[in-house]
There are 2 protein chains.
Amino acid sequence: MDTRERLIESARELLWERGYVGTSPKAIQERSGAGQGSMYHHFHGKPDLALAAISRSAEELRARAEAQLSGPGTVVERIVAYLRRERDVLKGCPVGRLTQDPDVMSDPELRGPVAETFAWLTDRLAALLEEGRANGELAAGLDPEATAGTLVAVLQGAYVLARAAGSPEAYEQAVDGAVGLLTAQVRRSGGDE
Amino acid sequence: MDTRERLIESARELLWERGYVGTSPKAIQERSGAGQGSMYHHFHGKPDLALAAISRSAEELRARAEAQLSGPGTVVERIVAYLRRERDVLKGCPVGRLTQDPDVMSDPELRGPVAETFAWLTDRLAALLEEGRANGELAAGLDPEATAGTLVAVLQGAYVLARAAGSPEAYEQAVDGAVGLLTAQVRRSGGDE
DNA sequence: GTCTATACATGGATAGAC
DNA sequence: GTCTATCCATGTATAGAC
């Protein structure tokens with residue numbers, strides 16, 4: 001891994017752990033093993049490096065989500081697989097945590113990848129739910145758009161609860177509840193019988 | 001409002017807007033109109049003042065929640081009233097945002113009020129849901145503990161989505177979805193008929 | 001109780017040698 | 001491309017006058 005790459009990866013880790021305001025160029029340099037001048041050679045400054053880091057994290061989140069959501073199984077099975085996928089619960093969501101960073105949200109460049117990620121994810125889930133409703137798998141009364149928002153929110157909020165409690169249990173519980181509410185919307189014998 | 005009080009209120013606002021790492025003693029002093037020495041007379045330092053501010057915000061959240069949850073109406077009506085209560089959506093949750101602050105979470109004193117708040121809120125909702133299940137208002141298959149966690153998580157996550165999108169709409173949508181999933185658990189003719 | 005002065009570390013960045 | 005030196009503002013706190 002070359003220096004530029006190590007800088008981005010170190011920035012990603014630190015943004016995840018400490019957020020934008022809590023992450024200094026110096027800390028990034030130390031973690032990456034790069035010197036002062038080296039970082040300013042590859043990037044214009046902290047915001048520039050942060051943009052590279054944030055963009056990559058956003059891309060990664062999207063790829064991982066898509067992996068579950070386009071996997072095998074019924075619509076509900078795929079969504080449940082996504083909800084239950086193993087996660088670094090106590091570290092929180094590397095993208096979602098950025099919404100709490102005023103310096104990120106006030107910079108359109110930095111904010112862009114964050115906004116797009118959640119817009120995409122919600123749309124993706126809404127499309128799946130709509131598909132489930134259309135094929136009779138899910139109750140006709142279910143609102144795909146709203147429910148998609150709910151599911152994404154549950155995950156983001158579950159991280160908050162787990163971090164508050166200092167234990168992944170609260171996360172599991174919130175997800176369990178969501179899965180319970182969702183599966184209650186499954187019509188008993190599938191759509192094509 | 002005396003100086004000490006103004007310091008606490010200013011600290012609360014800044015912690016809400018910018019988090020712990022993003023809030024400097026100097027900024028608190030300026031917002032409160034207090035001088036350097038004045039702040040250090042009333043508090044031992046930043047963590048001490050932050051503790052006062054965090055404790056008060058936690059207390060306030062709890063009081064507001066209790067106001068809705070112990071209000072009039074059926075269990076589901078009270079929960080929906082709580083979920084739909086007017087909120088400063090784009091500012092986020094003043095307590096939940098602290099879970100993203102490593103310096104808060106690593107200090108047991110600062111973390112305490114945050115942990116307690118969510119533990120209390122989840123328990124309170126779980127008790128209500130249990131009551132609804134017991135009186136036949138809610139489906140017997142509903143898991144009160146897990147669903148309580150889900151509802152709290154939806155609110156916390158809905159803030160994240162709204163901030164990411166820069167609009168309260170995403171918040172409303174997520175809450176709508178949760179209300180939809182919850183009311184689908186309501187047994188048709190009430191418990192006592 | 002509040003003010004000013006002072007202190008020392010860190011944050012964020014630039015300059016110029018190699 | 002990387003290193004060291006340097007710069008100025010800010011963060012956090014203490015000391016001591018009033």
Side-chain angles (χ1 to χ4, degrees), chain A residues 1-56 97-98 100-111, chain B residues 1-56 97-98 100-111:
Chain A
M1 201 160 51
D2 64 8
T3 299
R4 186 190 155 83
E5 198 58 21
R6 287 204 316 277
L7 282 164
I8 296 178
E9 288 303 315
S10 299
R12 293 219 297 148
E13 292 170 18
L14 283 163
L15 286 176
W16 195 0
E17 294 166 16
R18 308 197 38 86
Y20 186 85
V21 269
T23 297
S24 68
K26 190 174 183 176
I28 299 173
Q29 291 152 25
E30 276 164 4
R31 183 167 303 206
S32 69
Q36 186 85 342
S38 198
M39 176 189 135
Y40 284 100
H41 170 72
H42 290 286
F43 299 95
H44 293 148
K46 179 175 166 177
D48 188 33
L49 173 48
L51 177 58
I54 291 172
S55 300
R56 180 168 302 177
R97 80 112 52 233
L98 298 169
Q100 303 301 327
D101 242 305
D103 293 357
V104 170
M105 299 318 277
S106 65
D107 179 336
E109 290 234 72
L110 297 181
R111 181 203 195 122
Chain B
M1 200 160 51
D2 65 6
T3 300
R4 185 189 157 84
E5 199 57 22
R6 288 204 315 279
L7 282 164
I8 294 178
E9 288 304 314
S10 299
R12 293 218 298 148
E13 291 169 19
L14 283 163
L15 285 176
W16 194 0
E17 294 166 16
R18 308 198 38 85
Y20 185 85
V21 270
T23 297
S24 69
K26 190 174 184 176
I28 299 173
Q29 293 152 23
E30 275 165 5
R31 183 168 302 207
S32 68
Q36 186 85 343
S38 199
M39 178 189 134
Y40 284 99
H41 169 74
H42 291 287
F43 299 95
H44 292 147
K46 179 175 165 176
D48 188 32
L49 173 49
L51 177 58
I54 292 173
S55 300
R56 181 170 300 179
R97 80 110 55 233
L98 298 170
Q100 303 301 327
D101 241 305
D103 293 357
V104 170
M105 299 317 278
S106 65
D107 179 335
E109 290 234 71
L110 297 182
R111 181 202 195 122

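Since we're looking at a predicted model, the values are computed, not measured.
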Among dG12(C), dT2(D), dT12(D), the one nearest any side-chain atom of Y40(A) is dG12(C)
Here the distance between atom C1' of dT2(C) and atom CZ of F43(B), to the nearest Å, is 15 Å
Closest of dC3(D), dA13(C), dT14(D) to the Q36(B) side chain is dT14(D)
From the candidates dG11(D), dG12(C), dC3(C), the one with an atom nearest any side-chain atom of K26(B) is dG11(D)
From NZ of K46(A) across to P of dT10(C) the rounded distance in Å is 16 Å
From the candidates dG12(C), dT2(C), dT2(D), the one with an atom nearest any side-chain atom of H42(A) is dT2(D)
Judged by nearest nucleotide, the residue sitting upstream toward the 5' end of DNA chain C, G37(A) or A27(A), is A27(A)
Quiz item: Which is true for G35(B) with a 4.0 Å heavy-atom rule: it touches a base, it touches only sugar-phosphate, or it touches nothing?
Solution: sugar-phosphate
Rounded to the nearest 0.5 angstrom, the CD1-CH2 distance for I54(A) and W16(A) is 14.5 Å
To the nearest angstrom, the NE2-P distance between H41(A) and dA15(C) comes to 16 Å
Out of dG11(D), dA13(D), dA13(C), minimum distance to the side chain of P47(B) belongs to dA13(D)
Taken to the nearest whole Å, CG/L49(A) to P/dG11(C) is 15 Å
L14(B) CG to dT10(D) C1', in whole Å, measures 15 Å
Rounded to whole Å, CD of Q29(B) lies from P of dT4(C) at a distance of 12 Å
Heavy atoms of S32(A) and Q29(A) approach each other most closely as OG-O, 3.1 Å
- Query: When you check the gap from the basic side-chain N to the acidic O, do D101(A) and R18(B) get nearer than 4.0 Å?
  - Reply: no
- [ ] Flag yes if more than 12 heavy atoms outside E109(B) fall under 6.0 Å of its CD atom; otherwise flag no.
- [x] no
Side-chain contact check for S24(B): nearest option of dG11(D), dT2(D), dG12(C) is dG11(D)
M39(B) atom CE is separated from dG1(C) atom C1', nearest whole Å, by 15 Å
Atom CZ of R18(A) and atom C1' of dT10(C) are separated, to the nearest Å, by 13 Å
Within the structure, does a side-chain N or O atom of T3(A) lie under 4.0 Å from either OP1 or OP2 of dG1(D)? no
Taken to the nearest 0.5 Å, the spacing of E9(A) CD from L14(A) CG works out to 11.5 Å
